[in-house]
Amino acid sequence: MLSERHLHLLRLSTPSVWALETLLFLYRGRDRAWTVPELILHLRSSATAIEGALVPLAQAGLVVAEGDAHRFQPAGPILEAFVRDLETAYAEQPLSVMRAILSSPNSRIKSFADAFKLSKD
């Protein structure tokens, strides 16, 4: 299973299972850049899901845009090792990896919930 460090990176970089699937597809096909329509076709997804996955992956330094296409290009060797380990963990224990993603607090949901908290003032 993934270490605490891996779980932390996973939660920071991969907000959804769609983002995970997108990341691993780009990792496996890292010899080229992929357009959104190609990703939609291969991942059997929607433009909204793919585009929503690419933004946090790029912000995490895992994916770069090349014109209208995207490629797996980690910002450093630690991130490349993280994705390699993530691919192995997802192949061996997919439910554990999905649970780790789904148990991560969504910042937008947390912000919404925090708006209803009563202050002690």
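These numbers were taken from a predicted model, which means no experiment stands behind them.
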- From Leu39 CG over to Ser45 OG, what is the distance, rounded to the nearest 0.5 angstrom? 9.0 Å
Acceptor/donor pairs from residues 13-29 side chains to any protein atom, 3.5 angstrom cut, sequence neighbours excluded:
unit_1: Ser13; atom_1: OG; unit_2: Leu9; atom_2: O; d: 2.8
unit_1: Ser16; atom_1: OG; unit_2: Trp18; atom_2: N; d: 3.4
unit_1: Ser16; atom_1: OG; unit_2: Ala19; atom_2: N; d: 3.0
unit_1: Glu21; atom_1: OE2; unit_2: Tyr90; atom_2: OH; d: 2.6
unit_1: Thr22; atom_1: OG1; unit_2: Trp18; atom_2: O; d: 2.7
unit_1: Arg28; atom_1: NE; unit_2: Glu87; atom_2: OE2; d: 2.8

- Item | Test: Glu66 and Arg32 ion pair at under 4.0 Å | no
- Item | Least distance between heavy atoms, Pro74 atom then Leu79 atom | CB-CB, 3.8 Å
- Message: Looking at every heavy atom in both Arg30 and Glu80, which two are closest together, and how far apart are they?
- Response: NE-OE2, 4.3 Å
- Message: So which atom in Ala100 and which in Leu7 form the shortest heavy-atom distance, rounded to 0.1 Å?
- Response: CB-CD2, 3.7 Å
- What's the spacing between Phe72 CZ and Asp31 CG if we round to 0.5 Å? 12.5 Å
- Query: What pair of heavy atoms forms the shortest contact from Ala33 to Glu38, and how long is it?
  - Reply: O-OE1, 4.1 Å
- Any side-chain heavy atom of Arg5 within less than 4.5 Å of one from Asp85? no
- Output for pair (Gln73 CD, Leu62 CG), nearest 0.5 Å, gives 11.0 Å
- Item | Hphob cluster co-occupancy, Leu86 + Met98, side-chain heavy atoms under 4.5 angstrom | yes
- Tell me, with the steps shown, if Glu51 and Val36 meet side chain to side chain contact (heavy atoms under 4.5 Å, CB included). CA-CA 7 Å; Glu51 290 165 358; Val36 170; 4.0 Å; yes
- Where is the tightest heavy-atom contact between Arg11 and Ser103, given as atom of each residue plus distance? NH2-OG, 3.9 Å
- Message: More than 12 heavy atoms of other residues, nucleotides or ligands under 6.0 Å from CD1 of Ile78: yes or no?
- Response: no
